[in-house]
Every structure is written in C-alpha cells, then in structure tokens.
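If you're wondering where the values come from, they're calculated on a predicted model, not measured in any experiment.
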Amino acid sequence: MDHDHSYKLLFSHREMMADLLQGFVAAEWVDTVDLTTLERVQSSQVSDDLRDREDDIIWRVRWQGGWLYIYLLVEFQSTVYRYMAVRLMTYVGLLYEGLIRSRQLSPAGDLPPVVPIVLYNGRDRWTVAQDIATLVTEAPGGLAAYRPQLRYVLIDAGRYTESALAPLRNLVAALFRLENSRTPEDVQRVLAVLVVWLRDPAQDSLRRAFTIWLRRVLLPARLPTVSIPEVQDLGEVQSMLAERVIEWTEQWKAEGLRQGRQEGRQEGLQQGLQQGLQQGLQQGLAAERALLLRQTQRRFGEACAQALAPLLEGMDNPEQLAEIGEWIITADTGEVFLARVRGV
C-alpha cells in the first residue's frame, strides 16, 4: 500500500509525467503535444466507479487545439497479469462515461483520444499481450469485425539497464535506477544527482515525494530489520547513507543473499520436494556468487570481477561467501582483495 501511494504521489507531479513521456514512451504523438500544459484531471470529471480507484492517475495535455487524455494506471503486481488489456478497457470506458456526463467533448461532440499506460516494476519481465484483440478467439463468418480494439503502452522498469539509464537527465530514469539498486552505494550515486536536479525551492514537493518513497518503501525493502530514521529531505537521506554505508552494506547484502537462497529453494520445491531442496540451495548459492561479482565490478572494476569469477566457481559455503563479501568493502585495492580470495 505504501508503495502504490508513494508512486501515486511521485507521478502526481508534472515533472515526473513529462519525463515519463519524453524518456520512455516512444511515439510520434509525444513530440506533437505541449507538455507544459500537462494537468491532472479532477475527480469531478470521471465516473464514480473510476473515482474510487485510488491507485489510478489521469492527466491530460494539449494536442492540436484539443485535449489528449493520458491514463496512467499505477498498479504494481507481484506477477504479470495476462488480462490487463481487459481491465484497461473497462477503465477507459468509465473515463469516457465521466467525460460525456461532464460534457468534456470536442465542439462536434467527439470523445478525446485516451492513451492507457501501465507502469510495471515487478521482478519477472512482462510477456503478455498489450492488445485486447489478441486475447479474443478468432471466429468465422465476419465475427472478426466485432473483436474489440484497445492497446496500452507498457513501461517495464526492470528491463532498463544501469548503462542505459545513467546517462539520462530524467527523473523517471533516476527512479528506475533506485528501484534496480543493489547496494547503498548505488543509491548514493543516484541521490547525489537528484539533490542537484531538485535543489530549486519550486521542487520542494517533488523532493519530499522522493524522500517519502525512499524512507517508507525502498530502504525498508532493502533493510527490513533496520529502523529507518524519520528523515525529511533528500539531503538528509544522503547524509544518513554516508554515515552508515559500511554497516548498511553488510545488512543489505545479507538480505539479498537470504532472498537469493529463499527464491532458489522455492523454485526448487516446485520441481519436486527432495530434488528441489538441493536444486534450490544451489540456485541460492549461484545468486550469492552473482551478487559478489556485481559488487566487485562496481568497487574494483570489470577486470577484477573477471578475475574473481573462476575463483568463485564451486564455492558452496555460505559463510565463506559472506566473508568474501566483507573483503569487497574492507580491501583497499582490487589486488589486495583478490589475494585474500586466492588464500581461501
């Protein structure tokens, strides 16, 4: 609930919507609208049924002398939902009913275009149809003419890599980088950029929204056993991480390794109880080794990570892997770090 509400708070800011459209919606119409006219649609302009959906955000923007409605469905699921296109068709219909009732139409009485957008940040990649027509069985005798048509824009945050996001001066790219962060150092790098981008007093509200999301959602998810102080500003979050980076890196890493073992075991159990336990353990250990390689690459560079990879092969002692994780933090150079690993 905190996650959904904090995302709604973030995307209630015009700057976030403008960056979402410019940076992540590859369509010609984005270049033809006037993003300075972006405005939230008031609840009085939508139907009662749609108004009760607290997780939805509706914006409109000027386009060729009229309004283009952008329907942003901020709904986060742990699994991909095959029938999202059906759900969106219902919501778009409710939106149109509200616009008809409030007479938000063209001079000729036409309805405005609506662009449904799904912002998805689940672990698995989104693989289901984005067009409702593909969900309806083909039928003979001219029945194809009655197949409904509605396509939505999908923004799958998890498919964007750090190398693709980091060069962008884009608030949503920064949000996705934070979502995909693996260490407190990753968060610090993005925070340093956000503090600069949002230093204008006019950005106080958006800066506060990022702070709330970090304090209530991202950091508790990464550090579930840590009491997060009631910081009030991004600068305070930045200082807090700087003060506790070593302590929190250990806990962050431990939580990541625990989740890796748990996910591996769960997947193994689905394939068979006795065989699955062993397979799950191996998958968890593989996740630990992969995490160590990523941390080494970020701390000491790609060459050091490549040298570490063959040394980790076959290591199946969780305590030994945890000790190597500590050396990533305490070693002054990659050479010292590798020497310690080779001495295991």
For [X], what residues pass the side chain to side chain donor-acceptor pair (under 3.5 Å) criterion, not counting sequence neighbours?
| X | value |
| --- | --- |
| Arg340 | Thr330 |
| Tyr96 | none |
| Asp34 | Thr36 |
| Arg189 | Asp186 |

Exercise for review: Evaluate whether atom CZ of Arg103 has more than 12 neighbouring non-hydrogen atoms of other residues, nucleotides or ligands under 6.0 angstrom away.
Suggested key: no
Under 4.5 Å between any side-chain heavy atoms of [X] and [Y], yes or no?
| X | Y | answer |
| --- | --- | --- |
| Val115 | Val25 | no |
| Met16 | Phe210 | yes |
| Arg40 | Ile58 | no |
| Arg299 | Phe337 | no |
| Trp63 | Pro112 | no |
| Leu150 | Val86 | no |
| Val61 | Leu21 | no |
| Met84 | Val118 | yes |

Could you list the donor-acceptor pairs under 3.5 angstrom formed by side chains in residues 190-205, with sequence neighbours left out?
unit_1	atom_1	unit_2	atom_2	d
Asp200	OD1	Ala202	N	2.8
Asp204	OD1	Arg207	NH2	2.1
Ser205	OG	His13	NE2	2.8

**Study point:** For Asp19, salt bridge (charged side-chain N to carboxylate O under 4.0 Å, His left out) partners two or more places apart
**Key:** none
Review point. For Asp131, which residues count as a salt bridge (charged side-chain N to carboxylate O under 4.0 Å, His left out) partner, sequence neighbours excluded?
Key: none
Check your understanding: So, for Gln149 and Met89, which heavy atoms are closest and what is the spacing to 0.1 Å?
Key -> O-CE, 4.0 Å
Check your understanding: Can you name the nearest heavy-atom pair linking Asn170 to Gly23, along with the distance?
Key -> ND2-CA, 3.7 Å
For [X], all residues meeting side-chain contact (heavy atoms from CB on, under 4.5 Å), sequence neighbours excluded:
| X | value |
| --- | --- |
| Val128 | Val80, Arg82, Trp126, Tyr152 |
| Glu302 | Gln297, Gln306 |
| Arg215 | Arg208, Ile228, Glu230, Val231, Gln232 |
| Asp332 | none |

Exercise for review: Any chance you could pull the hydrophobic cluster mates of Val136, using side-chain heavy atoms under 4.5 angstrom and chaining through other members?
Suggested key: none
Hydrophobic cluster identity match, [X] and [Y], side-chain contacts under 4.5 Å:
| X | Y | value |
| --- | --- | --- |
| Leu143 | Ile132 | no |
| Tyr83 | Val92 | yes |
| Leu293 | Val336 | no |

Where the side chain of [X] meets the backbone of [Y], is there a donor-acceptor pair that is under 3.5 Å apart?
| X | Y | answer |
| --- | --- | --- |
| Ser181 | Leu178 | yes |
| Arg62 | Thr37 | no |
| Asn180 | Phe176 | yes |

Check your understanding: Taking NZ, NE, NH1 and NH2 as the nitrogens, is one of them in Arg298 or Glu185 under 4.0 Å from a carboxylate oxygen of the other?
Key -> no
